[in-house]
A.B. asks: 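My questions all concern the structure below.
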Amino acid sequence: MQGRAVYIKTFGCQMNEHDSERMLGILESKGFIEVDEPKYADIIIFNTCAIREKAEQKFMSSLGRVKYLKKKNPELKIIISGCIAQLQSEHLLNKAPYINYIIGPDNLHILANIAENELPQKVFTHENTDMANIELPVVRKAPVKAWVNIIYGCNNYCAYCIVPYTRGRERSRPMERVIEEVKALAEQGYKEITLLGQNVNSYKDKDVDFPALLEEVNKIEGIERIRFVTSHPKDLSQQLIKTMKDCNKVCEHIHLPLQAGSNKILKLMNRKYTYEEYLEKVKLLRESIPDISITSEIIVGFPQETDKDFEKTLNALIEIQFDGIFAFKFSMRPGTTAASLDGHISNDIKTKRLSTILNIQDEITERKNKSLEGTIQEVLIEGKDEEGLIIGRTKTNKIVKISSELQCGKVFKVKITKANRHTLEGNVL
Ligand code: SAH
Ligand code: SF4
Ligand code: F3S
């Protein structure tokens, strides 16, 4: 191959964002540089997401837009990676025969060969049980914060979710590797790490479980903040709550997807907890860590969700008072158990329910933020926003904008002067 420029577009979750960092790591080690427009690239990678139909549509239109580039330059390599790649390789090749390679999330390492050679095989989607033992180079996008994988795949099979089919079975990365990576990050000057997995609470490496791993990471000098996503409520143990409280670097924030407030719907979703059990855990979290912020995820319009069921979700939001949520309309994913349930809900009703949810939560979020006005928060400076204002985050993961020049990667005490719906403003003390 002549040129060595790569364009990569990422859809989906943090796991995918981090996989893109690892693909860039592989390609950079082969002499590639990243470009920000497909027309300058010798390799184009679409790292795809299958979580909802919308994510799929966004990718398909991006793919259509680069077809002409391939006509102009037959040497151009188009690579599809990520969750759609894993599921739909045949369909993709039928629809877009100009695709050169399809790589599933377990097979990223194959990029090293693709960068050097023309391979006879196009599709790399076989299950790779050794995934958790393969170490790949990483090019990180953010200067202060870094993602660190601790567990791959998911065994939970929530009825609506495609992830267990795209990311395979759960595999925990050996603790020594996680610790080595975090130590190296500390040496490079990173201050905050986020431990990544679809369900970090089921981390298990021999006798090391997730709380034990957190304790080890907490000891690493140089790292100031530790976060983790995502926690499944059914696996959130008292031990974990205690560890969060005891480990000074573990941030006072947990992302704990509730999904629905009705026990009937939670059961149909195969979430394996009741609303009452969830509430109990929220109570315990707040008792142990008084300032903790709790964020969540909600799906509206799951099959068979009646007005009454939906009301229970609304009541849950009012009762729990989350600091923030992501809410989605249920999207039917072929092959999941929810797809074959009766009683699918019309798009109109889903749209109405979503906007009701978002309105109520906006008020709650705003009220919660307002209660921080006048308080003093420790803010880790991350960089600047588009307007050139300094931005950082509280330990509770709230964004703070500050109008003085401050050094990236340092923590400052900041007095919160104003709360907006999604951000805070403040002055350095
Ligand atoms: N492992 C994480 C995140 C999974 S995907 C977890 O257990 O929470 C992120 C969110 O997307 C989910 O929490 C869920 O709210 C939403 N989601 C997943 N599948 C969906 C679907 N088919 N339709 C709508 N939202 C979905
Ligand atoms: Fe999907 Fe459930 Fe696994 Fe999360 S825990 S990735 S929602 S199956
Ligand atoms: Fe999407 Fe796959 Fe993540 S489906 S949300 S990119 S695990």
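Ligands are counted one by one from 1 in listed order, and the atoms in each one are counted from 1 as well.
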A.B. asks: Output yes when K398 and D323 qualify as a salt bridge under the 4.0 Å nitrogen-oxygen rule, no when they do not.
C.D. replies: yes
A.B. asks: Once you restrict to heavy atoms under 4.0 Å, what part of R167 touches ligand 3? Side chain, backbone, both or neither.
C.D. replies: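 For R167, the contact with ligand 3 is made by the side chain alone.
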A.B. asks: Could E224 and K249 be called an ion pair, given the rule that one side-chain N must be under 4.0 Å from one carboxylate O?
C.D. replies: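 Salt bridge absent between E224 and K249.
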A.B. asks: Under 2.8 Å from atom 2 (Fe) of ligand 2, how many protein N/O/S atoms do you get? Just the number, please.
C.D. replies: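 Of the protein's nitrogen, oxygen and sulfur atoms, 1 lie under 2.8 Å from atom 2 (Fe) of ligand 2.
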A.B. asks: Taking the basic N atoms (NZ, or NE/NH1/NH2) and the acidic carboxylate oxygens, is any pair closer than 4.0 Å for R353 and E305?
C.D. replies: yes
A.B. asks: With a 4.0 Å cut-off on heavy atoms, is M332 touching ligand 1?
C.D. replies: no
A.B. asks: Any N/O/S atom, backbone or side chain, of C13 lying under 2.8 Å from atom 3 (Fe) of ligand 3?
C.D. replies: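 Here the distance criterion (N, O or S atom, under 2.8 Å) is met by C13, so yes.
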A.B. asks: Pick whichever of G12, C161, S331 has a heavy atom sitting closest to atom 21 (C) of ligand 1.
C.D. replies: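 The option holding the nearest heavy atom is S331.
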A.B. asks: Would the distance check show the side chain of N107 and the main-chain N or O of H126 forming a donor-acceptor pair, the cut-off being under 3.5 Å?
C.D. replies: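 Such a contact is found between N107 side chain and H126 backbone.
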A.B. asks: With distance as the sole test, does T48 use its side chain to make a donor-acceptor pair with the main-chain N or O of S81 at under 3.5 Å?
C.D. replies: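 Present.
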A.B. asks: Heavy atoms only: which of K350, K329, E297 is nearest to atom 12 (C) of ligand 1?
C.D. replies: E297
A.B. asks: Does D106 pair with R171 as a salt bridge, N-O distance under 4.0 Å?
C.D. replies: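 Looking at R171 together with D106, the answer is yes, because their closest N to O distance falls below 4.0 Å.
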A.B. asks: Hey, which of R367, Q361, K368 is the one that makes side chain to side chain donor-acceptor pair (under 3.5 Å) with T365?
C.D. replies: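 One option only clears the test, and that one is Q361.
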A.B. asks: Is V163 in contact with ligand 1, taking contact as a heavy-atom separation below 4.0 Å?
C.D. replies: no
A.B. asks: Answer with yes or no whether N199 contacts ligand 1, where contact means a heavy atom under 4.0 Å from a ligand atom.
C.D. replies: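 Checking ligand 1 against N199, which is what was asked, there is no heavy-atom contact under 4.0 Å.
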A.B. asks: I need the atoms of ligand 1 closer than 4.0 Å to a non-hydrogen atom of T230, numbered in the order shown.
C.D. replies: 2 (C), 6 (C), 8 (O)
A.B. asks: Please could you name the atoms of ligand 3 that C83 approaches to less than 4.0 Å, counting only its heavy atoms?
C.D. replies: 2 (Fe), 4 (S), 6 (S), 7 (S)
A.B. asks: At under 4.0 Å between heavy atoms, is it the side chain or the backbone of R52 that contacts ligand 1, or both, or neither?
C.D. replies: side chain
A.B. asks: Looking at ligand 3, does G82 have a heavy atom less than 4.0 Å from it?
C.D. replies: no
A.B. asks: Just distances here: any N/O of R333 and N/O of ligand 1 closer than 3.5 Å?
C.D. replies: no
A.B. asks: Before giving the answer on side chain to side chain donor-acceptor pair (under 3.5 Å), spell out for K70 and N100 the whole-Å C-alpha distance, their side-chain angles and the decisive distance to 0.1 Å.
C.D. replies: CA-CA 10 Å; K70 183 80 183 179; N100 293 80; 2.7 Å; yes
A.B. asks: Is R52 positioned over the aromatic face of F328, cation under 6.0 angstrom from the ring centre and no more than 45 degrees off axis?
C.D. replies: yes
A.B. asks: Tell me the protein heavy atom at minimum distance from atom 1 (Fe) of ligand 3, and give that distance in Å.
C.D. replies: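 Minimum-distance protein heavy atom for atom 1 (Fe) of ligand 3 reads C49 SG, 2.3 Å.
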A.B. asks: For the NZ atom on K58, are there more than 12 heavy atoms of other groups (residues, nucleotides or ligands in this structure) within a distance under 6.0 Å?
C.D. replies: no
A.B. asks: Is the contact between P257 and ligand 1 made by the side chain, the backbone, both, or neither, using heavy atoms and a 4.0 Å cut-off?
C.D. replies: side chain
A.B. asks: Within 45° of the ring axis of F310 and under 6.0 Å from its six-membered ring centre, is that where the NZ or CZ of K312 lies?
C.D. replies: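 Not flagged: K312 not positioned over aromatic ring of F310.
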A.B. asks: My understanding is that only one of R393, R225, K191, K141 makes a salt bridge (Lys or Arg N to Asp or Glu O under 4.0 Å) with E382; could you say which?
C.D. replies: R393
A.B. asks: Number the atoms of ligand 1 from 1 as they appear, then name those within less than 4.0 Å of a heavy atom of F330, with their elements.
C.D. replies: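 Taking each heavy atom of F330 in turn, ligand 1 has 23 (N), 24 (C) under 4.0 Å.
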A.B. asks: Identify the closest protein heavy atom to atom 7 (S) of ligand 2: which residue and atom is it, and at what distance?
C.D. replies: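 I find the closest protein heavy atom is Y160 OH, 3.4 Å.
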A.B. asks: Under a 4.0 Å N-O cut-off, is there an ion pair linking E181 with R140?
C.D. replies: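 A salt bridge links E181 with R140.
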A.B. asks: Only heavy atoms count here, so choose which of C161, A50, P164, G12 is nearest to atom 4 (S) of ligand 3.
C.D. replies: A50
A.B. asks: Identify whether the distance between the nearest side-chain nitrogen and carboxylate oxygen of K242 and D246 falls below 4.0 Å.
C.D. replies: yes
A.B. asks: Between the main-chain N or O of C83 and the side-chain N or O of T166, is there a donor-acceptor pair closer than 3.5 Å?
C.D. replies: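 No, because the side chain of T166 does not come within donor-acceptor range (under 3.5 Å) of the backbone of C83.
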A.B. asks: Any idea which protein heavy atom is nearest atom 7 (S) of ligand 3, and the distance to it?
C.D. replies: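 Protein heavy atom with the smallest distance to atom 7 (S) of ligand 3: Q198 NE2, 3.2 Å.
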A.B. asks: Answer yes or no: are there more than 12 heavy-atom neighbours, outside K283 itself, under 6.0 Å from its atom NZ?
C.D. replies: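 No.
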A.B. asks: Do the side chains of D42 and K77 get close enough for a salt bridge, i.e. N-O under 4.0 angstrom?
C.D. replies: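 So D42 does not pair with K77 through a salt bridge.
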A.B. asks: Check this for me - ligand 1, Y160, N or O atoms closer than 3.5 angstrom, yes or no?
C.D. replies: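 Yes.
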A.B. asks: Within the structure, is a non-hydrogen atom of Q14 found at a distance of less than 4.0 Å from ligand 3?
C.D. replies: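 Q14 does not count as a contact of ligand 3 under the 4.0 Å cut-off.
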A.B. asks: Quick one: does Q259 get a heavy atom under 4.0 Å from ligand 1?
C.D. replies: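 Right, Q259 reaches ligand 1.
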A.B. asks: Using a strict cut-off of 4.0 Å, indicate which atoms of ligand 1 neighbour a heavy atom of Q198.
C.D. replies: 1 (N), 2 (C), 3 (C), 4 (C), 7 (O)
A.B. asks: Ligand 1 versus I51, non-hydrogen atoms closer than 4.0 Å: side chain, backbone, both, neither?
C.D. replies: both
